[in-house]
Structures are given as C-alpha cells and as structure tokens.
Amino acid sequence: MSIYFDKKDNVFYLSTVNTSYIIKITDLGHIINLHYGGYIKHINEKNLYIEMPRSFSPNPVPGRMGYSLDTLRLEYPSYGNSDFRMPAYQVEVENGSRISDLKYKSHKIFKGKNKLNGLPATYVENTNEATTLEIELYDNVIKLKVILSYTVFEAYDVITRTTKFVNEGFNNIKLLRAMSMSIDFKDDDFCLLQLSGAWARERHIFKHSLVPGLQGINSTRGVSSPQQNTFICLARKNTDEYNGEAYGFNLVYSGSFAANVEVDQYNNTRVSMGINPFDFSWLLKQNESFQTPEVVMVYSDRGFNHMSQIYHKLYRERLCKGKFRDKVRPVLINNWESTYFNFNEEKLLNIAKEAAKIGIELFVLDDGWFGKRDNDTNSLGDWYVNKNKLPHGLNWLSKEINNLGLKFGIWIEPEMISPDSNLYRKHPDWCLCVPDRSCTQSRNQLILDLSRDDVCNYIVDSVSNILNSANISYVKWDMNRHLTEIGSRELPPGNQKEVAHRYVLGLYKIMNQITTKFPDVLFEGCSGGGGRFDPGILYYMPQIWVSDDTDAIERLKIQYGTSIVYPIITMCNHFTDVPNHQIGRITPINTRANVAFSGCLGFEIDFNKLDYAEKDEIKKQIQLYKENRSIINFGNFYRLINPFENNDGAWMFVSKDKKEFLLFYFKILSEANKPLKYIKLKGLEEKFNYKLENSEEIFGGDELQKAGLFIPDNFVDFQSILLRFKAIN
Ligand code: DGJ
C-alpha cells in the first residue's frame, strides 16, 4: 500500500518505489513534515519530531515553549498567527481580518486520482496506478475548509500535490494567496536550479546555493514564458547528472506563478509553488470552491538525469493524452523561415513537392494565410482564408498537398486580436483592458479576454470552422505576447484580480473543447518559439516548438535545458538554412540534422534551393531518423556532456530493451593539441556486446560505461557525429 496511516503516532507514510514522504498530525491538529526523500520503511517519530524552545518564536499553548508555528516544519502554513515565514495561503474576511488557522479535521485514502475541475493534471488509466490521500483542514472561525491532496504514483516514483478551498460559512472569503503546495525541509544544504531565459534563449540552466531568507522565481506575465519555466529543483551541492539528491517541483500551469524558497533562522528550507499571489485574489462566496493547479514532485537520489527520466516517463504516459500520445510523430516541413509572409499557392506547392520527394510526411502552412495578413500588423482574429494569397482556398490547397503524399497542417494564434482586424472593428470590447486607459500593444496585437464565455465561444467556433473547412491533420497553436492591462469589462471591480487566472482557465476550456472535438488532429504548442513549454499545455498538446532560435549550436543549450523536465518526444526541432536566420552562423548539414533529430524532426527550408548532393544527404538523414524515431521518441534519454559548461556536448538515446542506442556528440569550437576524449556511456546492459554500425568495432556494455568510448576528436568548429550501436548477442 503506497499510503499508510499509523493511527498510534498519527503519521502518514506516502511511499513510491524509492521515495518516502512522511507527515504527521500534531496533537494540536497541525500537519507537519517529518521526511521527504529516500524510502524509509518506518520512522521513530520522536527522532524526527522535536519540540525545541526558541526565543521570539510564539507558542499557541502558553507554557509549551517548544511548540511554535514559527519553527515547525509545516505542510500548509497560515499567515498571522505566529509563523513569520512565507505562508501557503492567506484570506481576507468581511471584518477585515487576514488571519486564519487550519487544523486537521479528517482524512481519506483512496485508490486512483480525481480529475481537477477545469485544470490540466496528471491522470491514471486505472485506479491501481495511484493512491490519493486527502487531508481536510478546517478553520472553525471562518468556516473555511481546505483539502490537501497528495497522489502517489508508486511505480512512476512521483508524488503530486494540490489544494482546494471551500467556503462553508455565510460570509464571503477573499483568497489573497493560494499556493498549490508548501513543504519544509529540515536543512538548507541545497542549490536551487532553475530554467530561465528570454525569447530565443529558452530554458537555460542556472544554479546557485541557497542563502538565508527568500529566493526563488516568479512570473507576472499572465501566461507561461521563456523568462521563467514553472520548474525548480533543490539539489545537494555535490549533485551532478548521475549522483546525489535532487528534488524537482513542476507546476502544471500556464499563467503567472511563483516558486518560493525560504531559508529560515534555523536553516529549515521552505518551498512553495503555485499561482503568483502578486495581483491575485479570488472571491469565495458561500459554498464556492477554488482549486489550485497541481505540482508534480520528483525525488532522485541518482542525480539530475534520473529525475529527468522520471518526469519524462510520467509526462509521456500520464500527462500527455490522446491519439498521438503513443505514436511516433511525423517529420514535417514548415514554410515559415523559407517564405515568412511572402508566399502564394505556387510557392507553397513547390516547397511541398520537393519535400515529398525526400521523405517529409506533413506540410505546415505557417502565419499569413488568413485575413489580409502580409505582415504582423493585422488580421489576428479574422480566421478565414486570405484569397489574395490562396485564391483556391484551404480545402483545395490541403487536397493538392495530400495528393503529393503529405498531410496538411496550419498555424493559428487564436488568443490574439489585431487592432486592424474585422473582429476588432466589430468587438472592440473583447480585449483585455482597464477603464480609462489604452491597451499596450506588443507585436502590434492585443489579447482577447478569455475570462469571457462569449469570447471563448467565438474562438472555439472560428477554429472549428477552419478545421472543418479542409483536410487539416495538424495545428500549430502560437501565442506571441504577454498580458498587460489585465482587466475584464465583464467582471465587477472587486473581482478584477481574478482575471489573469480566469484567462488561463478560459484557455484551458477552449483547448479542451477544440482538442476533444478534433481528436485526429495533432496539436503543437508554440509561443514566439518555446515560451509556452509547460506541463499545462502538454496536457492538451503532446508536442511544443522549442525555440525560434534554430541555430544548431545555440540549440544545444536550449534542448539540454528543456530535457531537464520535458520528454524528448514533446520537443519539436527544425533543421533550417544557413547562414542561420537568427544569428548568421554557418553550421554543417549533419550537425543541423543531428540537433534537430533529438526530438520531433521538422524542416524550415525550401529544398528547391539546395543542390542535388545536399538534397540527397538530407534524404538519407530523414531515412535514418525514421529508422530510429521510436528510440528517440520513446527510449531513455541520457545527458552526457553539458554544453553550458564545456566546449562540446553529448547525449544518447537507449531503446527500452537496451539492445540499441544512439550517441550524439557535438563539438562547439575546435581546439589544437587536445587531450584524448573518452565519454562514459549510460543506460546500457553491461553484459551485452554492442557493435558500432558501419564498422567491425565491438564494445562491451561494461567497457562503454566504465572505461568509456574513445571519440576521435579531430573536429572542426560545429562538427558533430551520430553513432549507432546494436547489441549482437
Ligand atoms: C512565432 C513562431 O515561433 C514562429 O515559428 C512563427 O510561427 C511565427 N510566430 C509566425 O508569426
């Protein structure tokens, strides 16, 4: 049983194969953490629960000097009644009080996992896959019920948390803060790892030691962003890819969020994660409830790579859903970098014809096919075909493309509205805005107010009309700006701080409706590159565009950082032209292919412009990719050389049965008179002998892992190799 309640000591044991999460109800009804980390069968509760009197730490029971909310390791701390650290939640009630005190009331343990109303979350396919503990806490004064939910995915080695608030009183309660989870560790010997960046520099890895006081990351951008990913990891200072403890926390949410870490005066470390409390509040009337997003927590005692593999498997199998979840993804060609807005039917068909000849499976028509859009100043919202560019319409084009043997897909950006659009002229009141102020534009566009049902319905209808109008097998769902002037004309002044979260709920509602209505369409998330790479989007769309930066060398870091949490099958990478459009670098064909291979492969290039030899090389590479696609999409991924710290990079994919593997090695800048280069491989069967393809060389799995593989590093700048090995016995 993965969740067990020890009635004698009032202790809950939550166990996965390698992890224990142990919490206790104190005699005063507070829930405290005794241990989160490696698996422990049973604890001596007196060893892990110590009441130590401390100066300046107030005591709820006079005279019981060792019991203080200021020093207990609390699971869902309140504000204002003696814990001076960051609270997990805060309320404001009608008499002006912001204080509450939650005490244990009851709990239940059940098999399976409940769905979260209106929010994406990990799921089970049968109830044996997970066990859930719900602890009901109660504030008797304001009649507030708070349910802490913990789901243990025993075999996946994952614990998820979420929190629900219910107002059972007669008076309104305003939530000022409602984090999804909070946990206190009993030491501060950690580094904080985060995935941060900017447009074209997504998910770069940053790591720093904790210091006393508050630290962490947060976003006020209203939607997910490249600036901060909804992920943090606390790792021991000596943790590396394959050794040491790492705790990952990933919020399944696509809006403004906060991940706070606080080291207190006695070196306890508090981590909390959830919707950003800044500029947030939520009014709970009698009997109304509020559900927080989910946090997926992973503990690894085998370094970062093991943590990543746990996330990869869970997200591949129990976050992503739908028909494409378990299918290898099509190799696509997208016209963006080869035409931008400047295309017509002939140009598109010429690109598609050449693409079909070399083995591409899907043609994607990017931005510019609708309204009167010839640049980014207009037409968002006018989701009907631009007859100047495509006089025969989308249906005709999709058939022509299909006749070439390719599936057909399109780009949309449905959350946005251009001031120069028929939609805006008809509904100027449909965008996010605040009274008496103009709306700030970004990429010449405004944001539709998704907190409104009429706007959401328009989006569902207009996207459905497009998808019904032609044989469309794929959609790239883009979103090219962040939220400003976050206000809605539909809500009263007292509810305006709900708008940012209501936007995200509206987005999830329309994504849910559209993806349910069109189960045969493959959806890909995008936000000005990889700005919206988060688990919330992955729940609806099983793949996401990683970055607008398509330079192979820059992408080594972006893809390496993204793989810390997100499965390789969710990462879309495109081979593009040189000089690279973002940075002007010239990289060899095989390096561009090898980098793009490490995910879902696509191309943004007009093959008509390549010579015969180049086309032939790409054709062979596509063939190679297809032969190995299932290992790349579904095998185990191992990071070997970190391009953030080295002048090279390497990673490998191993098939589930360990009988085949692919090793990718990338040189950044060449060097003179280098030391010999050996790479210790991972994830192999030590007993197997592996033969290097196109050679007679045979290596033992033990040799490759323990002694390493010699890489004849005579590379010039930006060169790379892909080596394929197969077990021979
Ligand atoms: C941003 C995307 O990341 C690009 O791939 C492209 O689709 C443009 N938007 C189109 O406007």
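Whatever order the structure lists them in is the order used to number ligands and atoms, beginning at 1. Since the structure is predicted, the reported quantities are computational estimates derived from the model, not experimental observations. FYI, side chains are in, hydrogens and waters are out, and symmetry mates aren't considered; it's all heavy atoms of this structure.
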Taking atom 11 (O) of ligand 1 as the reference point, the nearest protein heavy atom with its distance: Asp367 OD2, 2.6 Å
Protein contact of atom 9 (N) of ligand 1 - nearest heavy atom, named by residue and atom, plus distance: Asp478 OD2, 2.7 Å
Note: Asp326-Arg316 ion pair, threshold 4.0 Å (strictly below): no
Any donor-acceptor N or O pair under 3.5 Å, side chains Ser547, Glu202: yes
Parallel, tilted or perpendicular, as decided by the 30° and 60° cut-offs, for the rings of Trp336 and Tyr340: perpendicular
Residues Arg489 and Asp429 bridged, charged N to O under 4.0 Å: no
Numbered atoms and elements of ligand 1 in range of Trp411, under 4.0 angstrom, heavy atoms: 7 (O), 10 (C), 11 (O)
Non-hydrogen atom of Lys476 closer than 4.0 Å to ligand 1: yes
Asp376, portion touching ligand 1 at heavy-atom distance under 4.0 Å: neither
Where ligand 1 meets Gly528 - atom numbers and elements under 4.0 angstrom, heavy-atom basis: 1 (C), 3 (O)
Contact with ligand 1 for Arg443, non-hydrogen, under 4.0 angstrom: yes
Option with minimal heavy-atom separation from atom 7 (O) of ligand 1, where the choices are Ile412, Asn334, Asp366: Asp366
Sub-3.5 Å N/O-N/O distance, Cys526 and ligand 1: no
Set of ring pair (Phe, Tyr, Trp, His ring centres under 6.0 Å) partners for His312, sequence neighbours left out: none
Top protein contact for atom 4 (C) of ligand 1, by heavy-atom distance: Asp548 OD1, 3.4 Å
Between Phe653 and Phe664, ring centroids under 6.0 Å: yes
Over 12 non-hydrogen atoms of neighbours within 6.0 angstrom of CD in Glu627: yes
